[in-house]
Amino acid sequence: MGRRIGIGLIGYSFMGRAHSSAWRNVAAVFDTELVPALAVISGRHEGPLKDAAARLGWTDWTTDWRALVARDDVDVVDVSTPGNMHAEMAIAALEAGKHVLCEKPLANSVAEAEAMAEAARRVAPSGVKAMVGFNYRRLPALALASQLVVGGTIGRIRHVRAVYLQDWLIDPAFPLTWRLQRGLSGSGALGDLGAHIIDLARFVTGEEISEVSALLETFVKHRPEVGEADGLPATTGEGQGSVTVDDAAVFLGRLSGGGMATFEATRFATGRKNGLRFELNGERGSLGFDLERPNELELYESRDGRDAGFRRVLVTEGDHPYVSGWWPPGHVLGWDHSFVNEARDFLVAVETDGALSPDFEDGLAVQRVLAAVETSASERCWVNVEPSGRYR
Ligand SMILES: NC(=O)c1ccc[n+]([C@@H]2O[C@H](COP(=O)([O-])OP(=O)(O)OC[C@H]3O[C@@H](n4cnc5c(N)ncnc54)[C@H](O)[C@@H]3O)[C@@H](O)[C@H]2O)c1
């Protein structure tokens with residue numbers, strides 16, 4: 001029987017559901033010494049919050065997130081709210097000595113991300129952990145991709161080609177929710193989708209993005225205002241409001257190892273629902289991934305012969321990352337399993353007082369790239385990214 005670790009989750013909607021499922025299931029899948037107790041969930045509206053608490057398996061609920069942070073039965077604070085609340089909540093939790101899992105992007109600005117990373121550094125000597133929720137690192141295929149690339153299988157990286165494509169904004173009648181308001185979300189497709197592929201580029205290559213040149217666009221500049229969405233500040237509910245974030249972001253990046261990277265993040269890729277595709281070309285081979293086939297890697301290793309070509313690697317073997325906790329070979333995993341794997345890594349880091357990634361330094365590194373992209377797009381020039389020191 002493992003030791004109890006109390007979880008307090010702030011946010012009960014999309015990520016709230018995904019994280020609840022992860023905390024509920026992780027100790028049943030992996031042999032962790034720490035066993036999460038779903039102590040308390042928070043949100044701002046009592047009715048839907050109470051329903052969510054019952055449905056998602058939480059013992060208690062509160063509309064006061066500060067009360068959640070202060071509770072003795074909470075050891076981990078999971079911040080799954082829009083970006084405007086990340087810094088305040090995560091810093092309060094760290095200062096109260098709680099471990100923090102914070103959704104991505106880490107913050108809405110570099111200044112906030114710096115303050116969060118600083119707070120995490122201050123409490124790290126006492127074993128307090130802080131992680132940012134770039135869950136795609138936890139898909140077995142992408143974790144294996146990182147191991148192969150960092151291990152040198154395809155040699156020095158020449159190209160990274162990363163796209164993250166959605167289409168939920170193509171209808172101009174789609175309302176002005178929090179994701180379209182800069183004060184709440186920080187940025188649009190850039191911080192939402194672009195942050196994931198920036199993190200993946202860093203994770204898989206083990207290199208930083210050292211400079212960028214970018215183009216951002218907001219195709220639909222006004223949208224119907226909504227009364228209230230998920231407890232976020234009410235707008236008038238009448239007429240049209242301004243969209244204050246990007247709908248799409250395209251940018252070039254230089255990798256610290258000398259390679260080139262291209263990134264595209266958009267909510268206007270008609271027909272594409274959650275199309276994350278990633279390809280790397282190295283001096284000795286190439287590697288490809290498509291989220292619509294999340295258990296597979298395409299691998300090309302240069303060699304002679306008429307049968308040379310890309311081969312499909314099914315990443316479901318027991319010695320592939322994370323797979324041993326799950327099912328026999330070929331019994332495929334999906335998007336939601338990445339959150340369970342994320343919770344497992346978090347618990348192991350707490351349990352062993354071990355290193356954890358992506359930590360708030362990684363979150364800050366991504367935030368710096370996001371900010372450089374915005375500066376580049378507005379000033380129409382190349383912008384250097386301050387090095388994080390994490391990767392070469
Ligand atoms: N890792 C991923 O793949 C992924 C996917 C989607 C969203 N996200 C990130 O997760 C976070 C939440 O996004 P979401 O899609 O779950 O949003 P959502 O709108 O579905 O849910 C937001 C939740 O936050 C709560 N909330 C808002 N302000 C609050 C406050 N002041 N106090 C307490 N609760 C508050 C709302 O009540 C709601 O339950 C964002 O940072 C987003 O970027 C990550």
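Just so you know, these numbers use all the heavy atoms, side chains as well, and skip hydrogens, waters and symmetry mates. One-based numbering, in listed order, for ligands and for the atoms of each.
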> Under 3.5 Å between some N or O of ligand 1 and some N or O of H196?
Replying inline: yes

> At under 4.0 Å between heavy atoms, which part of E88 makes contact with ligand 1: side chain, backbone, both or neither?
Replying inline: neither

> Charged N to carboxylate O under 4.0 angstrom, D75 versus R71?
Replying inline: no

> When the ring planes of Y164 and H196 are compared, do they come out parallel, tilted or perpendicular, using 30° and 60° as the limits?
Replying inline: tilted

> Looking at E386 and R368, does any basic side-chain N land under 4.0 Å from a carboxylate oxygen?
Replying inline: yes

> Using a heavy-atom cut-off of under 4.0 Å, does the side chain or the backbone of I10 touch ligand 1, or both, or neither?
Replying inline: side chain

> Is any NZ, NE, NH1 or NH2 atom of the basic residue among R267 and D246 found under 4.0 Å from an Asp or Glu carboxylate oxygen of the other?
Replying inline: no

> If you measure from the Lys or Arg side-chain nitrogens to the Asp or Glu carboxylate oxygens, is any gap between D290 and R277 under 4.0 Å?
Replying inline: yes

> When the ring centroid of F278 is compared with that of F289, is the distance short of 6.0 Å?
Replying inline: no

>> Using a 4.0 Å cut-off to any heavy atom of P82, which atoms of ligand 1 qualify?
In response: 22 (C), 24 (O), 27 (C)

> Counting both backbone and side chain atoms, is some N or O of Y12 under 3.5 Å from an N or O of ligand 1?
Replying inline: yes

>> Using a plain distance cutoff, I'd like to know if W335 has any nitrogen or oxygen under 3.5 Å from a nitrogen or oxygen of ligand 1.
In response: no

>> Tell me the contacting part of N135 for ligand 1: side chain, backbone, both, or neither, using a 4.0 Å heavy-atom threshold, strictly below.
In response: side chain

> Can you check whether D192 has an N/O within less than 3.5 Å of an N/O in ligand 1?
Replying inline: no

> Just distances here: any N/O of F14 and N/O of ligand 1 closer than 3.5 Å?
Replying inline: yes

> Does an N or O anywhere in W65 fall below 3.5 Å from an N or O of ligand 1?
Replying inline: no

> Where's the contact between S80 and ligand 1, heavy-atom distance under 4.0 Å: side chain, backbone, both or neither?
Replying inline: backbone

>> Within ligand 1, which atoms have a heavy atom of R179 less than 4.0 Å away?
In response: 6 (C), 7 (C), 13 (O), 14 (P), 15 (O), 17 (O)

> Is it true that E361 and R390 make a salt bridge, defined as a side-chain N closer than 4.0 Å to a carboxylate O?
Replying inline: no

> So is G11 polar-close to ligand 1, meaning N/O to N/O under 3.5 Å?
Replying inline: no

> What heavy-atom pair brings E208 and S388 nearest, and what distance separates the two atoms?
Replying inline: OE2-OG, 2.5 Å

> What part of M15, side chain from CB on, backbone N/CA/C/O, both or neither, has a heavy atom under 4.0 Å from ligand 1?
Replying inline: both

>> Counting only heavy atoms closer than 4.0 Å, does ligand 1 sit against the backbone of E342, its side chain, both, or neither?
In response: neither

> Considering residues at least two apart in sequence or located in another chain, which fulfil the ring pair (Phe, Tyr, Trp, His ring centres under 6.0 Å) criterion with F263?
Replying inline: F251

>> Using heavy atoms and a 4.0 Å limit, tell me yes or no: is F134 in contact with ligand 1?
In response: no

>> If the condition is ring pair (Phe, Tyr, Trp, His ring centres under 6.0 Å), which residues does H99 pass it with, not counting sequence neighbours?
In response: none

